[in-house]
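Quick note: numbers below take in every heavy atom, side chains included, and nothing from hydrogens, waters or symmetry partners. Note that the coordinates shown come from a computational prediction; the quantities given were computed from them, not determined experimentally. Counting starts at 1 for both ligands and their atoms, in listed order.
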Amino acid sequence: MDNVFDYEDIQLIPAKCIVNSRSECDTTIKLGGHSFKLPVVPANMQTIIDEKIAKYLAENGYFYIMHRFEPETRATFIQDMQSKGFIASISVGVKEEEYDFIVNLAEQNLVPEFITIDIAHGHSNAVIDMIKHIKRHLPKSFVIAGNVGTPEAVRELENAGADATKVGIGPGKVCITKIKTGFGTGGWQLAALRWCAKAASKPIIADGGIRTHGDIAKSIRFGASMVMIGSLFAGHEESPGETIEMNGKLFKEYFGSASEFQKGEKKNVEGKKMLVDHKGSLQDTLKEMEQDLQSSISYAGGNKLESIRNVDYVVVKNSIFNGDKVY
Ligand SMILES: NC(=O)C1=CN([C@@H]2O[C@H](COP(=O)(O)OP(=O)(O)OC[C@H]3O[C@@H](n4cnc5c(N)ncnc54)[C@H](OP(=O)(O)O)[C@@H]3O)[C@@H](O)[C@H]2O)C=CC1
Ligand SMILES: Nc1nc2c(ncn2[C@@H]2O[C@H](COP(=O)(O)O)[C@@H](O)[C@H]2O)c(=O)[nH]1
């Protein structure tokens with residue numbers, strides 16, 4: 001791989017506008033036969049999503065993926081969401097008990113619309129076997145598998161039956177994988193996304209490293225159907241992380257799913273805990289994301305999300321912020 005770059009190194013080039021107002025631009029995206037208002041999904045992490053937020057997102061036409069860290073609540077969660085007419089979208093791991101969980105769901109005829117296999121190193125037989133297991137017992141569920149960072153991995157997971165793959169090893173804000181292991185897509189996530197997207201025949205979710213709303217448009221340009229975001233969603237008043245007051249200022253706690261804090265032990269730790277600025281309501285951020293993306297679409301010279309896919313771009317190494325502090 002040469003010519004690597006990341007979000008901050010790229011600027012998309014404007015094309016002639018065809019709309020009279022940004023409100024004409026349509027940010028909706030289809031995934032798994034469902035239509036969602038934005039190509040954005042909050043990360044399936046315990047300080048980012050809980051049942052209340054999942055319901056809010058589902059009710060308001062946004063995609064969501066519930067985390068897997070309270071495993072015993074998942075069957076009831078599926079029932080509860082579907083009884084309200086919402087999609088059920090859950091996460092699983094790959095350990096032995098997860099195999100039984102999938103069989104139990106099938107026996108109870110509980111079929112989540114979306115199942116995400118949420119593993120650090122998704123290019124593995126553990127994930128391939130779990131994809132096959134889910135497809136055998138719950139063939140109607142849309143399976144998102146990850147995380148990966150290479151075209152080979154995307155192809156192997158797709159061939160095993162994954163309906164979408166999630167790309168991003170180590171670009172996350174609370175990630176320390178790149179430091180502890182020396183591996184990953186941290187620092188070149190956008191180039192890795194492009195590399196993977198060229199091999200993909202099914203949707204890709206770009207996961208981690210999104211620091212500004214413009215990065216959503218850049219992800220679409222480089223082949224993502226959707227982006228998964230943690231840190232930008234961690235600071236809301238509704239966010240499940242604890243609210244902390246320091247020197248009269250409010251913060252929210254945000255921790256990695258592989259942090260010592262999440263795991264309860266210091267074993268294979270690849271994540272950290274941090275505080276992010278408190279920033280008002282989730283609804284306001286989603287609205288702002290929609291408006292910013294509508295604006296992106298208008299700069300792309302179209303009125304639909306797909307128009308972003310064809311725009312030209314330039315590489316401006318580490319310079320687009322001109323010293324502005326954005327995060
Ligand atoms: N996107 C990213 O960059 C990363 C995300 N995470 C997040 O952290 C959480 C925990 O992830 P994870 O540790 O995979 O989940 P689990 O702790 O559930 O581990 C899943 C299984 O995979 C094994 N495993 C984990 N990492 C590796 C590896 N590098 N090589 C071989 N086997 C491995 C584990 O065994 P054992 O523990 O004995 O090795 C275990 O059996 C997830 O939510 C994940 O998304 C974590 C790191 C990177
Ligand atoms: N290496 C680790 N990555 C992690 C951990 N917990 C979550 N994640 C990944 O980060 C993204 C969110 O990234 P952000 O830049 O938007 O904050 C999340 O979706 C996971 O893929 C972890 O402990 N270690």
Original post:
Any luck finding a side-chain donor-acceptor pair between N44 and H67 under 3.5 Å?
Top reply: no
**OP:** Would you verify whether the NZ or CZ of K37 falls within 45 degrees of the ring axis of Y62 while also being under 6.0 Å from that six-membered ring's centre?
**Re:** yes
**OP:** From atom 5 (C) of ligand 2, work out which of S257, P171, S259, G271 has a heavy atom at the shortest distance.
**Re:** S257
**OP:** Answer with yes or no whether the hydrophobic clustering places V111 together with V103; edges join I, L, V, M, F, W, Y residues whose side-chain heavy atoms lie under 4.5 Å apart.
**Re:** no
Original post:
Would you say the side chain of S231 lies within less than 4.5 Å of the side chain of V174, judging by non-hydrogen atoms?
Top reply: no
Original post:
Is ligand 2 under 4.0 Å from a heavy atom in the side chain of K166, in the backbone, in both, or in neither?
Top reply: neither
Subject >> G230 N/O under 3.5 Å from ligand 2 N/O >> reply: yes
Original post:
Nearest to atom 23 (O) of ligand 2 by heavy atom, C175, A258, S231: which?
Top reply: A258
Original post:
Same cluster or not: are F255 and V269 linked, directly or through other Ile, Leu, Val, Met, Phe, Trp or Tyr residues, by side-chain heavy atoms under 4.5 angstrom apart?
Top reply: no
Original post:
Quick check, are the ring centers of Y99 and H133 under 6.0 angstrom apart?
Top reply: yes
Original post:
Quick one: does ligand 2 sit under 4.0 Å from the side chain of L232, the backbone, both or neither, non-hydrogen atoms only?
Top reply: neither
Original post:
Is it the side chain, the backbone, both or neither of R211 that has a heavy atom closer than 4.0 Å to ligand 2?
Top reply: side chain
Original post:
Any nitrogen or oxygen of N44, main chain or side chain, under 3.5 Å from a nitrogen or oxygen of ligand 2?
Top reply: no
Subject >> Hydrophobic cluster identity match, I308 and I18, side-chain contacts under 4.5 Å >> reply: no
**OP:** Assess Y254 for proximity to ligand 2: is some non-hydrogen atom of it under 4.0 Å away?
**Re:** yes
Original post:
Does the cation-pi check pass for R211 over Y7, that is, NZ or CZ under 6.0 Å from the six-membered ring centre and within 45° of its axis?
Top reply: no
Identify the protein atoms, limited to N or O, that lie within less than 3.5 Å of an N or O atom of ligand 1, and list each pair with its distance to 0.1 Å.
residue: ligand 1; atom: 1 (N); partner: N147; partner atom: ND2; Å: 3.3
residue: ligand 1; atom: 1 (N); partner: G168; partner atom: O; Å: 3.2
residue: ligand 1; atom: 3 (O); partner: G170; partner atom: N; Å: 2.7
residue: ligand 1; atom: 14 (O); partner: A120; partner atom: N; Å: 2.9
residue: ligand 1; atom: 15 (O); partner: R68; partner atom: NH2; Å: 3.2
residue: ligand 1; atom: 18 (O); partner: R68; partner atom: NH1; Å: 3.3
residue: ligand 1; atom: 18 (O); partner: R68; partner atom: NH2; Å: 3.2
residue: ligand 1; atom: 43 (O); partner: D118; partner atom: OD1; Å: 3.2
residue: ligand 1; atom: 43 (O); partner: D118; partner atom: OD2; Å: 2.6
residue: ligand 1; atom: 45 (O); partner: D118; partner atom: OD1; Å: 2.5

Original post:
Any N/O of G170 closer than 3.5 Å to an N/O of ligand 2?
Top reply: no
**OP:** Flag the pair Y56 / Y64 as yes when their ring centroid distance falls below 6.0 Å, and as no otherwise.
**Re:** no
